[in-house]
Protein chains: 2
Amino acid sequence: MIINREVSKPVYLQVADYLRNNIYSEEWGKGEQIPSENQIMKSLEVSRGTVKKAVNMLVEEGLLYQIQGKGTYVTEDNISYSLGKGLLSFAESLEGQKLAYETKVITSEFRKATKEIASRLKIAVGEEYLYMKRIRFVEGEKVMLIENRINSRLCPGVEEHDFNKESLFKVMEEISGKRIGYSESRYAARVVGEKRGKELEVSPDSPVLHLEQLVYLEGGLPVEFGNVWLKANKYYLGTVLQREEM
Amino acid sequence: MIINREVSKPVYLQVADYLRNNIYSEEWGKGEQIPSENQIMKSLEVSRGTVKKAVNMLVEEGLLYQIQGKGTYVTEDNISYSLGKGLLSFAESLEGQKLAYETKVITSEFRKATKEIASRLKIAVGEEYLYMKRIRFVEGEKVMLIENRINSRLCPGVEEHDFNKESLFKVMEEISGKRIGYSESRYAARVVGEKRGKELEVSPDSPVLHLEQLVYLEGGLPVEFGNVWLKANKYYLGTVLQREEM
């Protein structure tokens, strides 16, 4: 690759593109060490400051990580959320991977349903539901922002539980007297934006994996409508798909 | 929300954040019309040009779309790739949704396996495999970039097929004489970058849903290692997850 000094695109962005493409094209495998600063400076004829800036950008994006005094490596081990094990809460999934986590409730308050929320939770427009916002830390780092909207008619008293410690799925099952049945889930890639970026401590233009999930009790009543924002440099969705008879 | 004119953050980005947050918080539901340019100008005390710039940014991100002479709406219908139907090719998934698509082969060539590719396809480092890059159009728009790495030892002559028209899964099954068995798939949110952004005709900092997939034949031999880059404003992953006995 040759750096183009004629175009208006800053040189460090061109170096970042070069690094990103080597990862995306699987030229550099997961866990592999990438060339040293000196090697990149030499081969692209750029300054150390430029290489550092480009590498930092990809560390922020989660594609690279650095080990002090050793070098820079392609990110290998993100946190998996497996889709192949039926409906698991994220807490259950983390427990399955033996990952230590903590949850912190930021907001818990009753709100009046907008048209959209009402139609999802099958309640009346203006009817109250419990809105809860939580941050989850894995090994001390903020990795997901969870927004829950709970149909409190099906779970009266749900607001009195301490969701810093208790599992939402378990509490909803206990109060409603019904098992969780299934969920309709959709995942998309999004830009995190200012507000949620601040909460996850990433820059506003960072990518996040967005889950929108409607959870039903057995029998088919919608009990919880949630949005989860997963840090892209930490989380991936993993699944094994069997080929079915066509 | 009040626009802060003291901070260095451009006003249109603040307006874009305001719009994005109304969508992310489900304040404005899918398919709903958002307030008019005039209403936004008035309520935030900003110029028409600023509103237009913010709206355009969110149209690019895929969160909003505009109907000439009618207004601006929250994006509703993306293309779904269902994870609940076992391993389907994207072509089969689009056929299931009765969506018209076209595929265009951009590159098809033999390459020598790097360490990473060799370990995935269980071939020797330096051994040749077929690399293929394709763009898929849905209703005339580029929606995904597909990179396939095919274990041509298991599928001799695969390079002679016309993958503008033929299905890769079918051809691999025919040549190898074995059925496709299963895949290991991982999905993550990524920044598209310069190179792949150009190919999908989106700006380099756009979010994409990235699928990395290793496909196995019945019996367990890895036959194809692929990367698929799905435009975030078009594609989501959909699934219904059943709660299993704990």
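We name chains A, B, ... by the order of the sequence lines, and we start the count at 1 in each one.
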Between [X] and chain B, which part of the residue has a heavy atom less than 4.5 Å away: side chain, backbone, both or neither?
{"X": "A:V192", "answer": "backbone"}
{"X": "A:L230", "answer": "neither"}
{"X": "A:Y24", "answer": "both"}
{"X": "A:K30", "answer": "both"}

Heavy-atom contacts under 4.5 Å, residues 108-117 of chain B to chain A
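Listed by number, the contacting residues are B:T114, B:K115, B:E116, B:I117.
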Residue part contacting chain A, namely of [X], when any heavy atom lies under 4.5 Å:
{"X": "B:Y216", "answer": "neither"}
{"X": "B:E212", "answer": "side chain"}
{"X": "B:F225", "answer": "side chain"}
{"X": "B:L13", "answer": "neither"}

Do you know which of [options] has the most heavy-atom pairs with chain B at a distance under 4.5 angstrom?
{"options": "A:G193, A:A16, A:S119, A:S185", "result": "A:S185"}
{"options": "A:G29, A:S183, A:S25, A:A188", "result": "A:S183"}
{"options": "A:V191, A:N227, A:L211", "result": "A:V191"}
{"options": "A:E147, A:H210, A:R149", "result": "A:R149"}

Check the pair B:N21 / A:R196 against side-chain contact (heavy atoms from CB on, under 4.5 Å), numbers first and verdict last.
CA-CA 9 Å; B:N21 188 48; A:R196 288 166 181 78; 2.6 Å; yes
Report, as yes or no, whether the 6.0 Å neighbourhood of atom NZ on A:K170 holds more than 12 heavy atoms from other residues, nucleotides or ligands.
no
Determine whether more than 12 heavy atoms belonging to other residues, nucleotides or ligands lie under 6.0 Å from atom NZ of A:K142.
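More than 12 heavy atoms, drawn from other residues, nucleotides or ligands, come within 6.0 Å of this atom.
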Mind ranking B:K195, B:R120, B:K231 by heavy-atom pairs under 4.5 Å with chain A and telling me who comes out on top?
B:K195
Contacts with chain B made by residues 121-129 of chain A (heavy-atom distance under 4.5 Å), listed by residue number:
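Interface residues of residues 121-129 of chain A: none, nothing closer than 4.5 Å to chain B.
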Quick check: closest heavy atoms across B:R20 and A:E194, and the distance to 0.1 Å?
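Smallest interatomic distance, heavy atoms only, reads NH1-N, 4.4 Å.
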Quick one: closest heavy-atom pair of B:A189 and A:L209, and the distance?
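For B:A189 versus A:L209, the nearest heavy atoms are CB-N, 3.7 Å.
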